[in-house]
Amino acid sequence: MDDTKILLSEKDIPQAWYNINADMPVPPQPVLHPGTMEPVTPDFLAVLFPMNLILQEVSTDRWIEIPEPVRDIYRLWRPTPMYRARRLEKALDTPAHIYYKYEGVSPVGSHKPNTAVAQAFFNKEAGTKALTTETGAGQWGSALSMACNFFGLDLEVYMVKVSYFQKPYRRIIMENFGAQVYASPTNLTNYGRSVLAQDPESPGSLGMAISEAVEVAATSGGAKKYSLGSVLGHVLMHQTVIGLESIQQMELAGEYPDVVIGCAGGGSNFAGFTYPFLWKKFTEGKNIRVIAAEPASCPSITRGRYAFDYGDTAAMAPIIKMHTLGHTFIPPGIHAGGLRYHGMASSISALVDHGDIEGRAVPQLATFEAALQFSRAEGIIPAPESAHAIRVAIDEALKCKQAGEKKVIAFNLSGHGHFDMTAYEQYLHGQLQDFVYPQEAIEEAMTHLPQVAF
Ligand SMILES: *Cc1c(COP(=O)(O)O)cnc(C)c1O
């Protein structure tokens with residue numbers, strides 16, 4: 001097939017999500033209560049999440065049906081296109097074939113509505129009245145705002161303070177959809193007040209914002225539930241529509257990737273794109289390299305420890321086994337706001353540990369260089385997060401050039417960068433720097449990991 005865009009029709013939108021729990025090559029690790037450090041009971045999780053989503057989290061069924069009202073909303077932008085990056089191949093003068101799946105065509109410009117719509121639907125079904133959440137760069141908040149608006153749910157968004165001021169347009173998108181947006185840390189929660197008492201100028205962090213959103217839901221007497229945009233198993237599963245469509249599109253293209261690449265913050269777009277390919281590997285033996293791209297300034301996979309740690313900074317969220325830089329990690333203010341979480345989804349961490357997934361840390365300047373090279377060839381301005389995947393894809397394509405190998409490389413372009421132009425401006429004016437996270441800081445944070453018996 002010679003097409004540049006490989007398109008599916010609406011009837012090809014997957015009927016079911018792929019649940020990797022069915023095929024994990026290693027047994028699951030328990031999720032622990034942050035207070036008792038014993039395995040959590042569904043009752044504890046039920047304070048934060050509706051039971052239908054908790055059941056998805058623990059299910060070992062390989063396929064979970066996508067309800068029709070969710071598929072109906074997916075039709076607004078799905079199936080998303082897959083592109084053959086012919087112009088980038090030419091610019092790189094590589095024999096490799098490069099493909100990218102483009103999730104930036106969703107109404108809010110990223111992959112995040114794939115789970116936001118599902119979570120709003122299941123909460124509505126379960127009788128939830130309002131959701132609380134955190135957002136970093138504002139991508140997740142805008143996706144959930146749109147989804148809550150579709151299903152008539154109220155939404156409170158705790159937005160990392162530095163992003164609240166750096167990215168006002170995302171806040172306004174959320175407000176357009178009817179959400180309440182607060183700059184976190186706020187003085188609305190006990191946790192936020194404690195942070196502000198210590199540091200009134202705190203720029204906030206994703207971990208802090210999570211703690212605030214969790215506290216509000218947990219103390220709401222059941223009216224409000226909490227929604228997370230990444231990291232959890234059901235969130236990753238909702239994103240598998242990306243990879244399931246991609247498999248159909250690669251079939252149409254008449255090729256199968258040798259390597260698949262995604263950027264990983266909490267891991268949702270990466271898992272959504274690559275897990276269906278791992279399903280083919282685990283069940284049909286189709287070998288493939290799977291690479292998770294992360295910032296050198298927040299290298300949870302490549303330099304974090306595989307250990308039990310709290311999901312949030314305040315140590316209120318469940319403890320999970322994951323690659324972590326420590327829950328006390330305060331990320332540097334890099335421009336890929338969506339990649340600044342201290343940990344990584346537990347299934348990804350387990351698959352890294354088992355050797356099925358490789359991590360690759362990339363510096364900020366090389367990431368922006370790749371983003372510009374990609375834009376100038378393909379026309380799309382990528383989100384800085386997605387540019388990490390582009391960097392790795394370009395590096396792989398350049399290796400093919402050196403070795404004279406004609407590999408097939410596919411990556412997920414998780415979103416566009418139209419609201420990240422300040423970052424691009426700083427790059428163009430030579431104002432961005434590389435920052436490699438210091439080893440002493442990692443070692444110090446490791447001393448605060450919870451001491452668990454598992
Ligand atoms: C949020 C975001 C990410 C990082 O989150 P994951 O859960 O790791 O996918 C990556 N790319 C874009 C465009 C995002 O908005």
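First listed ligand is number 1; within each ligand, the first listed atom is number 1. Note: hydrogens, waters and symmetry copies are ignored here, and every other heavy atom, side chains too, is used. This structure is a prediction, so every number in the text was calculated from the model and none was measured.
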Judged by non-hydrogen atoms, does E103 sit under 4.0 Å from ligand 1? no
Ion pair [X]/[Y], N-O distance below 4.0 Å:
X	Y	value
D420	K167	yes
E156	K224	yes
E396	K399	yes
E103	K112	no

Closest approach of any protein heavy atom to [atom], naming residue and atom:
atom	result
atom 15 (O) of ligand 1	K112 NZ, 2.5 Å
atom 13 (C) of ligand 1	S414 OG, 3.4 Å
atom 4 (C) of ligand 1	G338 O, 3.4 Å

Any N or O of A383 that comes nearer than 3.5 Å to an N or O of ligand 1? no
So, regarding G265 and ligand 1 (criterion: nitrogen or oxygen to nitrogen or oxygen, under 3.5 Å), is there a contact or not? yes
Under 4.0 Å to a heavy atom of [X] - the qualifying atoms of ligand 1, by number:
X	value
A264	8 (O)
S230	6 (P), 7 (O)
G415	13 (C)

So which bit of H111 gets within less than 4.0 Å of ligand 1, heavy atoms only: side chain, backbone, both or neither? side chain
Answer with side chain, backbone, both or neither: which part of S268 has a heavy atom less than 4.0 angstrom from an atom of ligand 1? both
Supply the atom-to-atom distance M82 CE to N412 CG, rounded to the nearest 0.5 angstrom. 9.0 Å
Rounded to the nearest 0.5 Å, the NE2 atom of H234 sits from the OG atom of S59 at a distance of 12.5 Å
Do Y275 and D23 have a side chain donor and acceptor closer than 3.5 Å? no
Is there side-chain contact between T80 and Y102, with heavy atoms separated by less than 4.5 Å? no
